[in-house]
There are 2 protein chains.
Amino acid sequence: MDKRITIYDLAKTLGVSAGTVSRSLNDHPSISQKTKDRVIFMANELGYKTNKFAVNLSKQKSNTIGVIVPKLNSIFMSTVLAGIEKVANEAGYNLIISQSLESMEKEKLNAKTLYDSGVDALLVSLAYDTTDFVHFANYIKNKIPLIFIDRVHNLPNCSTIIIDNKSAGFEATEHLIAQGCKNLLHISGNLKRNVYSERLKGFQEALAKHNLKFKDANLLESDLAPSSVKEVIAHIKSVDIPIDGLFVANDTFAAHCIKELKKEKYNIPSDIKIIGFNNDPISELVTPALSTINYPGYELGVLAGQSVISHLNGGIDLHPANSITLRHKLIIRESTL
Amino acid sequence: MDKRITIYDLAKTLGVSAGTVSRSLNDHPSISQKTKDRVIFMANELGYKTNKFAVNLSKQKSNTIGVIVPKLNSIFMSTVLAGIEKVANEAGYNLIISQSLESMEKEKLNAKTLYDSGVDALLVSLAYDTTDFVHFANYIKNKIPLIFIDRVHNLPNCSTIIIDNKSAGFEATEHLIAQGCKNLLHISGNLKRNVYSERLKGFQEALAKHNLKFKDANLLESDLAPSSVKEVIAHIKSVDIPIDGLFVANDTFAAHCIKELKKEKYNIPSDIKIIGFNNDPISELVTPALSTINYPGYELGVLAGQSVISHLNGGIDLHPANSITLRHKLIIRESTL
DNA sequence: TTGTATGCGTTATCAT
DNA sequence: ATGATAACGCATACAA
């Protein structure tokens, strides 16, 4: 494999033109089957490899889809990615993955890098603190498909793929109320992100529906980092009327809460009932097993992948809707019984 | 941004040659500062973007690193990836990530695809059932850096980055013995993979050292899928002398074992002590908290990234060793007390 | 059905 | 210090 074989080499040894070789290799209709066979045979014989760089340059396409996620090392995100990768791979696309590490600055950098490297489309789940969106302007201007997943923002001509966080939050809350909780605490993530603000809305609507007044003490905005658990405990202890129900914005943090509350001699679920969010594998392994909302990450990824691919292949979208909403599901386990 | 500005456009408007523009943009020493300034100014003015496709074609490099992992949606692997991504990104490389889904066939496909798409280097963690390695021959032949992570195989001129699984397995086992366990069971993954076979070796050596005989009943090879827990339970129940110590090849499966054993009224740790592997987040959240071996996934990724980068930049390896071994650590929690 | 010629945007090698 | 020009490997519009 010292010298790379090109279509010119093939052309010369076959006594045809480079154009013929190129068209044969691409199964172009205007080439006779006989010629195609000869070309393909010789290509295999000589170990010809198509040079993607040249193809890319010629077509101005990279056959590559960019992905920006907040963090790679979260089970939810990596599950989404697994779904995306499967679909993309089957469709012959490569995935360039980068993480914003929850920082808008890094997200901007990533968006620029991926743009410069010529991705054919971009999938994004927004960072924790992203507030402006000019870094996506180039994509929109140049009609590069841009799709938001999970942590979304409404931009013109961009699809979003989400679940109905508000109604999921509503159901989670109503379940706690149905189990007899009177004084709930919702532990939320950054309320600038749709996923968390929507869940809060659902929480509030459920309270309202059941004539429970929403007070400041019913909400704690958190970064959901394990180390922040102590603030939760402090809040719960400081409150006048004892908290008897906890709706936590994700399972991992909920699991940490359970652990810490148990350490503080709270009994779960008899003292405090807890429900999480995501249905992470961890939710069924903690004690007591954690009630939660199933968030179909893999399906989300698959759908996102399909959406991109269909955007790219012919432009006709299989899912013409601008926004796809997946079905969530309440999962009841011991932590709320 | 209707028409993309090229160096020719810049050259024309500036009244210089394209070569000069190119060199200015790349800060070539043979260009006067004055000219460089003019070029750069005009480039910004006109919104020039370098075309990566053309650069790639010209240089026959993609500035891209390929990664093949068995599964994206495992917390360990995604943590490794997070480390790789960080380093690669800082060095200006993109990451193309694909998953083999634990299948050698898919791994071969991925290896070929990434090769064809012209990655500058490849990082691999092997699939469950990979037995031959011809799909990496092209990389070696063409001197494309090939580095194995975690699930490795010794190939000429390929680095490997691992922990000392044997001594880790030894320590885990010895810890169980020190806690008074007499009849141990090791639940292993596929023994074709170094990580599992090495841990088993450590297990056996520890037994030998403490004059415990290794019998068939002390080992259960498993696919470590949650659904396989019932086989573990069945095995434990079927055994003549009661098992009092369990060394499980990863934390997730260990957590499932704990859950199921508790359901079967085993008391942990008093009836059976359990130790896992990896120090996944889950290990400290289950009840009882799981003893384990810390496997520094993120550092592994960082090191792998650095190794690749240094291979690529200048070829002089920061870590000249052919094989890097990271330090592991025994973490003792309630499950073995 | 096939060949010819040119474009794609940069880099690199000679000249000057 | 700068210009001219040839790669780089493929795709494709136009000819034949």
Side-chain angles (χ1 to χ4, degrees), chain A residues 1-43 46-64 92 115-120 142, chain B residues 1-43 46-64 92 115-120 142:
Chain A
M1 195 142 301
D2 304 279
K3 281 134 201 155
R4 235 182 130 117
I5 307 289
T6 73
I7 54 171
Y8 293 109
D9 300 325
L10 287 176
K12 199 156 52 181
T13 62
L14 285 165
V16 297
S17 76
T20 301
V21 174
S22 171
R23 281 181 284 239
S24 297
L25 259 16
N26 293 311
D27 205 24
H28 192 286
S30 78
I31 300 287
S32 75
Q33 192 56 46
K34 199 176 145 194
T35 307
K36 281 181 189 169
D37 291 343
R38 283 182 63 220
V39 170
I40 289 166
F41 175 81
M42 189 55 76
L46 270 53
Y48 166 81
K49 303 229 137 252
T50 140
N51 184 321
K52 285 267 167 75
F53 300 142
V55 177
N56 290 347
L57 174 60
S58 189
K59 296 210 200 172
Q60 297 294 346
K61 298 220 126 249
S62 64
N63 235 51
T64 274
Y115 180 79
D116 288 345
S117 74
V119 294
D120 296 342
N142 291 37
Chain B
M1 196 148 295
D2 304 277
K3 281 132 200 158
R4 234 181 130 114
I5 307 290
T6 73
I7 54 172
Y8 293 111
D9 300 325
L10 288 177
K12 199 157 51 180
T13 61
L14 286 165
V16 298
S17 77
T20 301
V21 174
S22 172
R23 281 180 287 238
S24 297
L25 259 17
N26 292 311
D27 204 25
H28 192 287
S30 78
I31 300 287
S32 74
Q33 193 56 47
K34 199 175 145 196
T35 307
K36 281 182 190 170
D37 291 343
R38 281 182 64 219
V39 170
I40 288 166
F41 175 80
M42 189 55 75
L46 269 55
Y48 166 82
K49 303 226 132 258
T50 140
N51 183 321
K52 284 268 168 74
F53 300 142
V55 178
N56 290 348
L57 174 59
S58 187
K59 295 210 197 170
Q60 297 294 347
K61 300 206 114 252
S62 64
N63 236 53
T64 273
Y115 179 78
D116 289 345
S117 74
V119 294
D120 295 342
N142 292 39

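Within every chain, numbering begins at 1; the chains are lettered A, B, ... in the order of the sequence lines, protein sequences first and strands thereafter.
A sub-4.0 Å separation between OP1 or OP2 of C:dT11 and a side-chain N or O of B:Asn26 is present. For D:dC10, the OP1/OP2 oxygens have no side-chain nitrogen or oxygen of A:Ser22 closer than 4.0 Å. Residue B:Tyr48 has a polar side-chain atom (N or O) positioned under 4.0 Å from OP1 or OP2 of C:dT10.
Atom CG of B:Asp37 is separated from atom P of D:dT2 by 11 Å (rounded to the nearest Å). Rounding to whole angstrom units, CD of residue B:Gln60 and C1' of C:dA12 are separated by 14 Å. We find that CG of B:Leu14 is positioned 13 Å from C1' of D:dT2, with the value rounded to whole Å. Atom CG in A:Asp9 sits roughly 9 Å away from atom P in D:dG9 (whole-Å rounding). Distance B:Leu57 CG to C:dG9 P: 12 Å, rounded to the nearest Å. For the pair B:Lys52 NZ and C:dC8 P, the computed distance is 21 Å after rounding to whole Å. A:Leu25 places its CG atom 15 Å from the P atom of D:dG9, with the value rounded to the nearest Å. In this structure, CD1 of B:Ile7 is placed 11 Å from P of C:dA12, rounded to the nearest angstrom.
A:Phe53 comes within 4.0 angstrom of no nucleic acid atom, judged by non-hydrogen atoms across all strands.
Annotation: the terminal axes of the helix from C:dT1-D:dA16 to C:dT16-D:dA1 meet at 40°, where each axis is the rotation carrying the C1' atoms of four end pairs onto the next four (5 pairs per end, rounded to 10°).
Between the side chains of B:Asp9 and B:Tyr48, no donor-acceptor pair of N or O atoms lies under 3.5 Å.
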Pairwise N/O distances under 3.5 Å, protein to nucleotides 2-4 of chain C:
residue	atom	partner	partner atom	Å
C:dT2	OP1	A:Ser32	OG	3.4
C:dT2	OP1	A:Thr35	OG1	2.5
C:dT2	OP2	A:Ser32	N	2.8
C:dT2	OP2	A:Ser32	OG	3.2
C:dT2	OP2	A:Thr35	OG1	3.1
C:dG3	OP2	A:Ser17	N	3.1
C:dG3	OP2	A:Ser17	OG	3.2
C:dG3	OP2	A:Thr20	OG1	2.2
C:dG3	N7	A:Arg23	NH2	2.8
C:dG3	O6	A:Arg23	NH1	3.0
C:dG3	O6	A:Arg23	NH2	3.0

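The minimum heavy-atom distance linking A:Ile31 with A:Lys36 is given by the pair O-CE, 3.4 Å.
With hydrogens and angles disregarded, no donor-acceptor distance shorter than 3.5 Å links the side chain of A:Asp116 to the backbone of B:Lys49.
For A:Ser58, taking side-chain heavy atoms from C-beta onward, the closest of the listed nucleotides C:dC8, C:dT6, D:dC8 is C:dC8.
Qualifying side chain to side chain contact (heavy atoms under 4.5 Å, CB included) partners for A:Ser17, counting only residues two or more places apart in sequence or in other chains: A:Thr20. Remark: A:Thr64 engages no residue in a side-chain hydrogen bond (donor to acceptor under 3.5 Å, both in side chains) (not counting sequence neighbours). With sequence neighbours excluded, the residues forming a side chain to side chain contact (heavy atoms under 4.5 Å, CB included) with B:Tyr8 are B:Thr6, B:Ala18, listed by chain and number.
Residues in residues 52-61 of chain B take part in these side chain to side chain donor-acceptor pair (under 3.5 Å) pairs, two or more places apart or across chains: A:Asn51-B:Gln60.
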